[in-house]
Amino acid sequence: MAAKRRFQTVKGMRDLLPGEAGTFAQVEATARRVFTLYGYREVRTPVVEDTDLFVRGVGEGSEIVGKQMYTFDDKKGRSLTLRPEGTAPVARAYLQHDMASWPQPVKVFYMGPYFRYERPQAGRYRQFSQIGAEVIGDPGPHTDVELLVMLLRFLEALGFEDLEVGINSVGDPECRQLYSRRLREFLEPHRDELGADSRRRLETNPLRILDTKAPGERQLLEAAPHLREVLGAPAREHFQVVCGQLERFGVAYRIDDRLVRGLDYYTRTVFEITSGALGAQDAILGGGRYDGLIGELGGPAVPGIGFAIGEDRLVDVLPDSSRLRAGRTAPVCVISVGPAALDVALELAEDLRVADVAAISEFAAGSLKAGLRKAGRRGCRWVVLVGEDEIAADTVVLRDFESSTQETVRRDEFVVTVKARVSA
RNA sequence: GUGGAUGUAGCUCAACCGGUAGAGCGCUUGAUUGUGGUUCAAGUGGUUGGGGGUUCAAGUCCCCUCAUCCACCCCA
């Protein structure tokens, strides 16, 4: 009774068909170009890592580690996890390959699939693509600024305008502890006005209450102490330099007191860019400094900063100018008329490609008419026709769909002719 | 994990108060012998997501399940 089952993508995962995949490829090419301009180099880390890397790196208290990881045991009983984010793996690679012995700071970028087991929603998938970059080994604020300028440059290159980055400082661990205590003291009297989630966070991670969406809680928080008011001198100065330099470079930013990120490793500078066009999942990118992460993973006290762009969301709101035009495959279509021409058509198409002219071959056309129709539907502008007549005369017919004209050219000259027409 | 909406041909959708499915697009072919895009015509295509129940009869009502979408949550 094996019901015929239609296979489909698993929940929260999707196919990117040619049009969309092409757009993704363009976005990625732009990222490579711009990031390389800033001296970053690409790294590729495995999709699977030791589960503990994320528990230690991202933080046990984070939601990601708490409930969203694809974790499984391999055949030897090792606990492995599909990477839910990109920074911890890069930090791991930094330590594993002793990049501390490279010229500091190390600047890398990466792109690829990430996995989080969450309920799918607009702009949220269980497998999603991120484009990220990290600078490891420089504690100074100018690095933060350069990273942000690069980010904006990249978005500009994609045609985005008027993007504003939200920025904040979550301080060093000491200021954060102090602030957590203050916030807790402030909220404690209003305990019963808080939702269940926020009440729980009051104990575990008070900072996260700041980015609540509940209107009542938001109102309550307006009178709450500000994180930046309790920043220690080093963190405060760092933040001031960052803001000052951003201004100097004309980066549109907005200080957002409520901006706290969900990953435990962030310190000092944190930022994100959101888009109103995205629905509830409106963050298209986020990042920040993580001066304690490398140490947390067992390495020396090396500072770092980085960001991750949600490529799927970015593509969702991509300006039309950067969207790949759909339809067109190759400009030239080689059509064989009748079975006798198949061998020749195969050869002609290959001759074109050798000469660096993109060509698609149409072997299966039932009739010449059908072949031409297909060529048109594929978006080809030029058609090379061969049939018995052409073979006998040692010629081919070159037709231009745009002007609806055609010419007969000698077989030994057709590559040159086609190339000239196509590039004209 | 919680809530809401939806699930009919490859795609977008239709089918009144239950009477065993239809359109457009697409795809294939044809409109005389080797010439596309327009037009016209024909053809192709669905055990109405799956399972169970109520009924003489279910795409239409009820239950379960799966999936999709949206929100909470979380974050990219």
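Every value quoted in this text rests on a predicted model; they were computed, and no experiment measured them. Sequence lines set the chain letters: A, B, ... in the order given, protein chains first and strands last, and positions in each chain run from 1. Values below: every heavy atom of this structure, side chains too, minus hydrogens, waters and symmetry copies.
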>> Apply side-chain contact (heavy atoms from CB on, under 4.5 Å) to residues A:V90 and A:I136 and explain how you reach the verdict.
In response: CA-CA 9 Å; A:V90 169; A:I136 303 180; 4.0 Å; yes
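- The interatomic distance linking A:F271 (CZ) with B:A76 (C1') rounds to 12 Å, in whole Å.
- Counting any heavy atom pair closer than 4.0 Å across all strands shown, A:Q68 reaches sugar-phosphate atoms only and no base atom.
- The nearest heavy atom of RNA chain B to A:M13 and to A:I309 marks one nucleotide each, and the one closer to the 5' end goes with A:M13.
- Counting any heavy atom pair closer than 4.0 Å across all strands shown, A:F307 reaches no nucleic acid atom.
- Which of B:C69, B:U35, B:C75 sits closest to the side chain of A:P120 comes down to B:C69.
- Ring-base stacking between A:Y114 and B:A76 is not satisfied when judged by a centre separation under 5.5 Å and a plane angle under 30°.
- As rounded to whole Å, 10 Å separates atom P of B:C69 from atom CD of A:Q8.
- A:D197 comes within 4.0 angstrom of sugar-phosphate atoms only, judged by non-hydrogen atoms across all strands, and of no base.
- Counting atom types as modelled, A:S367 pairs no side-chain N or O with a base atom of B:G34 as donor and acceptor under 3.5 Å.
- Residue A:Q127 is out of contact with every strand shown, counting any heavy-atom pair closer than 4.0 Å.
- Here B:G46 sits opposite no nucleotide as a Watson-Crick or G-U wobble pair (both hydrogen-bonding atom distances under 3.5 Å).
- B:G43 and B:G7: their P atoms are spaced 30 Å apart (whole Å).
- Base pairing of B:U12 is made with B:A23, judged by Watson-Crick or G-U wobble geometry with both donor-acceptor distances under 3.5 Å.
- Straight-line distance between the C1' atoms of B:G1 and B:C73: roughly 9 Å, to the nearest whole Å.
- Using a 4.0 Å heavy-atom distance criterion, A:K213 is classed as a base contact.
- Checked by atom type and distance alone, the side chain of A:R83 pairs as donor or acceptor with a backbone atom of A:P113 at under 3.5 Å.
- Put simply, the side chain of A:T51 gets close to the backbone of A:L80: a donor and an acceptor are under 3.5 Å apart.
- The nucleotide whose nearest atom lies closest to any side-chain atom of A:R313 is, among B:G34, B:C75, B:U35, B:C75.
- In a base pair of the Watson-Crick type (N1 to N3 plus N6-O4 or O6-N4) or a G-U wobble (N1-O2 and O6-N3), with each distance short of 3.5 Å, B:U39 is matched with B:A31.
- Across the P atoms, B:A21 and B:U29 are found 30 Å apart, a figure rounded to whole Å.
- Across A:E134, A:R44, A:Q130, A:E42, a single residue satisfies side-chain hydrogen bond (donor to acceptor under 3.5 Å, both in side chains) together with A:Y110, and that is A:E134.
- Under a cutoff of 6.0 Å and an axis angle of 45°, A:R126 and A:Y117 form a cation-pi pair.
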> Passes side-chain contact (heavy atoms from CB on, under 4.5 Å), A:L152 versus A:F160? Steps please.
Replying inline: CA-CA 9 Å; A:L152 270 295; A:F160 284 99; over 6 Å; no
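- When distances are taken from the side chain of A:E118 to each of B:G36, B:A76, B:U29, the shortest belongs to B:A76.
- Comparing the C1' positions of B:C56 and B:G18 gives a spacing of 12 Å, expressed to the nearest Å.
- Taking atom NZ of A:K374 as the reference point, atom P of B:G36 lies 16 Å away to the nearest angstrom.
- For A:A280, the listed nucleotide lying nearest its side chain is B:A71; candidates were B:A71, B:A76, B:C75.
- Taking atom C1' in both B:C17 and B:G10, the straight-line distance is 34 Å, to the nearest Å.
- Where A:K11 and A:R399 meet RNA chain B, the nucleotide closest to each residue was compared, and A:R399 sits on the side nearer the 5' end.
- At whole-Å resolution of the value, CD1 in A:I64 and P in B:G1 are 18 Å apart.
- In this structure, the side chain of A:D312 engages the main chain of A:S129 through a donor-acceptor pair within 3.5 Å.
- Stacking between A:F401 and B:G36 is present: the aromatic ring centre lies within less than 5.5 angstrom of the base six-membered ring centre, and the two planes differ by under 30 degrees.
- The side chain of A:R373 places an N or O atom within less than 4.0 Å of a non-bridging phosphate oxygen (OP1 or OP2) of B:U29.
- When the C1' atom of B:G36 is taken as reference, atom CD1 of A:I335 falls 8 Å away, rounded to whole Å.
- At distances below 3.5 Å, not a single donor-acceptor pair connects side-chain atoms of A:D172 with backbone N or O atoms of A:E174.
- Applying the 4.0 Å criterion to OP1 and OP2 of B:U68, one finds that A:R14 has every side-chain N and O outside that range.
- Taking atom P on both nucleotides, B:A9 is separated from B:G45 by 15 Å, rounded to a whole Å.
- A:Q121 has its CD atom 17 Å from the C1' atom of B:A67, to the nearest Å.
- A:S62 comes within 4.0 angstrom of no nucleic acid atom, judged by non-hydrogen atoms across all strands.
- Atom-to-atom, CZ of A:R119 to P of B:G1 comes out at 7 Å; the value is rounded to the nearest Å.
- Across B:C16 and B:U12, the matching C1' atoms stand 23 Å from one another, rounded to whole Å.
- Within the 4.0 angstrom heavy-atom criterion, base atoms lie near A:G123.
- Between A:F115 atom CZ and B:A76 atom C1' the separation is 14 Å, expressed in whole Å.
- Of the candidate nucleotides B:G30, B:C73, B:C70, B:C73 has the atom nearest to the side chain of A:R124.
- A:Q406 has no side-chain polar atom (N or O) that falls below the 4.0 Å cut-off from OP1 or OP2 of B:U35.
- Under the Watson-Crick and G-U wobble criteria, each requiring two contacts below 3.5 Å, nucleotide B:A5 is paired to B:U68.
- Atom C1' of B:C66 sits at a distance of 7 Å from the matching atom of B:G50, rounded to the whole Å.
- Contact annotation: A:K369 reaches the phosphate of B:G36 (side-chain N/O to OP1 or OP2, under 4.0 Å).
- Contact annotation for A:A375: no contact, since no heavy-atom pair falls under 4.0 Å across all strands.
- Applying the 4.0 Å criterion to OP1 and OP2 of B:C75, one finds that A:Q281 has every side-chain N and O outside that range.
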>> Determine whether A:R191 and A:E203 satisfy the following criterion, salt bridge (Lys or Arg N to Asp or Glu O under 4.0 Å), listing intermediate values before the conclusion.
In response: CA-CA 11 Å; A:R191 199 187 183 78; A:E203 321 300 337; 2.9 Å; yes
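- Note on A:G12: only backbone sugar-phosphate atoms sit closer than 4.0 angstrom, heavy atoms only; bases stay farther off.
- When the side-chain nitrogen and oxygen atoms of A:R261 are compared with OP1 and OP2 of B:A76, one or more of them lie within a distance under 4.0 Å.
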